[in-house]
Amino acid sequence: GLEQSFLAQLLEFRPARLGQPNFWRGAELRFFYALHTIPCMGFEVHYKGKSLVYSADTLNDPDRIRAMQKEGVLSEGRADSLVNFPWHHDLILHEAGVPPIHTPIAALQALPEEVKERLCLIH
C-alpha cells in the first residue's frame, strides 16, 4: 500500500554493467556472470582497502565448465571467466549446493588452505 512516489525517494537505481567498475558511496563494485539455470550475477566489492566477492548461485566446477565448453554450451571466453573466479579477496562468500546447478562441496574442499580460511559458504 505504499505510494510509488514514496518508494522512489528511498531507492536510487543504477544499472550494473558487467565487467566494468561501478562506483557507489566510495566503494567500487564489479559484476560478473555466474553459471546457473536462471540468470545470476556475482559481484566484487572494494572499499577502504578491503574486498569481498559474492559468487551468487553458480556451478563453480572447473572440470564441468571445461566439459561444457568442449560440448559447445559455453564459449571459451565465458568458460575462462568462470574458471578464473576471483579467489584473492579478503572475504569470499561462495554458494554451495547440489550439482549440477550448484557448486559441489568437493570443488571447494580442493581449494588451497589460504583461500579456505577466507571462505564462507552460503546458499
Side-chain angles (χ1 to χ4, degrees):
L2 299 175
E3 293 293 323
Q4 184 175 356
S5 60
F6 172 74
L7 293 174
Q9 293 174 7
L10 300 176
L11 305 172
E12 180 182 338
F13 175 77
R14 291 176 179 240
R17 293 183 173 85
L18 294 169
Q20 297 179 9
N22 295 266
F23 298 96
W24 186 68
R25 297 188 181 229
E28 178 182 338
L29 296 92
R30 288 184 185 264
F31 295 86
F32 55 86
Y33 284 119
L35 179 58
H36 197 56
T37 55
I38 61 171
C40 290
M41 291 190 305
F43 60 87
E44 301 174 78
V45 179
H46 296 268
Y47 183 69
K48 293 188 176 183
K50 297 288 184 181
S51 66
L52 72 83
V53 62
Y54 168 69
S55 69
D57 275 0
T58 193
L59 173 64
N60 192 337
D61 183 343
D63 292 338
R64 182 66 190 126
I65 291 168
R66 290 301 180 197
M68 291 173 77
Q69 176 190 349
K70 189 174 182 178
E71 294 163 7
V73 175
L74 295 172
S75 69
E76 180 179 0
R78 178 64 66 87
D80 289 348
S81 69
L82 291 166
V83 168
N84 295 316
F85 185 82
W87 298 109
H88 61 277
H89 290 280
D90 298 313
L91 176 61
I92 304 162
L93 302 174
H94 201 291
E95 73 90 44
V98 179
I101 61 171
H102 297 283
T103 302
I105 293 294
L108 299 168
Q109 288 174 326
L111 293 169
E113 287 301 319
E114 63 94 13
V115 171
K116 290 192 282 189
E117 290 172 3
R118 296 175 281 112
L119 176 65
C120 293
L121 297 183
I122 58 172
H123 186 84

- [ ] For this output row, return yes or no: ring centroids of His94 and Tyr54 closer than 6.0 angstrom.
- [x] no
TODO: Using a 4.5 Å cut-off on heavy atoms from C-beta on, say whether the side chain of Tyr33 contacts that of Arg78.
DONE: yes
Task: Lys NZ or Arg CZ of Arg30 over Phe43 ring: under 6.0 Å, within 45° - done: no
TODO: Supply the atom-to-atom distance Asp61 CG to His102 NE2, rounded to the nearest 0.5 angstrom.
DONE: 13.5 Å
- [ ] Give the cluster check for Leu59 versus Leu108: same hydrophobic cluster or not, with ILVMFWY residues linked at side-chain heavy-atom distances below 4.5 Å.
- [x] no
TODO: Identify whether Ile101 and Phe32 are in the same connected component of the hydrophobic contact network (ILVMFWY, side-chain heavy atoms under 4.5 Å).
DONE: no
- [ ] Mind checking the CD1-SG spacing from Ile92 to Cys120? Nearest 0.5 Å is all I need.
- [x] 9.0 Å
Open item on the list: Tell me whether Arg14 contacts the main-chain N or O of Phe23 through its side chain, where contact means a donor paired with an acceptor under 3.5 Å.
Closed with: yes
Task: Heavy-atom donor-acceptor pair, Lys50 side chain to Asp90 backbone, under 3.5 Å - done: no
Open item on the list: To the nearest 0.5 Å, what is the distance between CD on Glu44 and NE2 on His89?
Closed with: 3.5 Å
Open item on the list: Please determine whether a side-chain nitrogen of the Lys or Arg among Asp80 and Arg66 lies less than 4.0 Å from a carboxylate oxygen of the Asp or Glu.
Closed with: yes
Open item on the list: With rounding to the nearest 0.5 angstrom, report the CG to CG distance, Leu93 to Leu121.
Closed with: 10.0 Å
Task: Check: Leu119 and Leu111 side chains under 4.5 Å, non-hydrogen atoms - done: yes
Task: From CH2 (Trp87) to CG (Asn60), nearest 0.5 Å - done: 4.5 Å
Task: Under 3.5 Å: donor-acceptor pair, side chain of Thr58, backbone of Ser55 - done: no
Open item on the list: When you group the ILVMFWY residues by side-chain heavy-atom contacts below 4.5 Å and let the links chain together, are Leu91 and Phe31 in the same group?
Closed with: yes
Task: Nearest non-hydrogen partners of Gly26 and Tyr47, listed with the distance - done: O-CD1, 3.5 Å
TODO: Output the distance between atom CE (Met41) and atom CG (Asp57), rounded to the nearest 0.5 Å.
DONE: 13.0 Å
Open item on the list: Assess the residue pair Ile65 and Leu35 against the criterion (side chain to side chain contact (heavy atoms under 4.5 Å, CB included)); give the C-alpha distance rounded to whole Å, side-chain angles, the decisive distance to 0.1 Å, and a yes or no.
Closed with: CA-CA 9 Å; Ile65 291 168; Leu35 179 58; 4.0 Å; yes
Task: Side-chain H-bond candidate by donor/acceptor type, Glu95 with Thr103, under 3.5 Å - done: yes
- [ ] Return yes when atom CD of Glu71 has more than 12 non-hydrogen atoms of other residues, nucleotides or ligands closer than 6.0 Å, and no otherwise.
- [x] yes
Open item on the list: Could you report the tightest heavy-atom contact between Pro104 and Pro99, atom names first, then the distance?
Closed with: CB-CG, 3.5 Å
- [ ] Give the intermediate values and the outcome of side chain to side chain contact (heavy atoms under 4.5 Å, CB included) for residues Val53 and Phe85.
- [x] CA-CA 9 Å; Val53 62; Phe85 185 82; 3.8 Å; yes
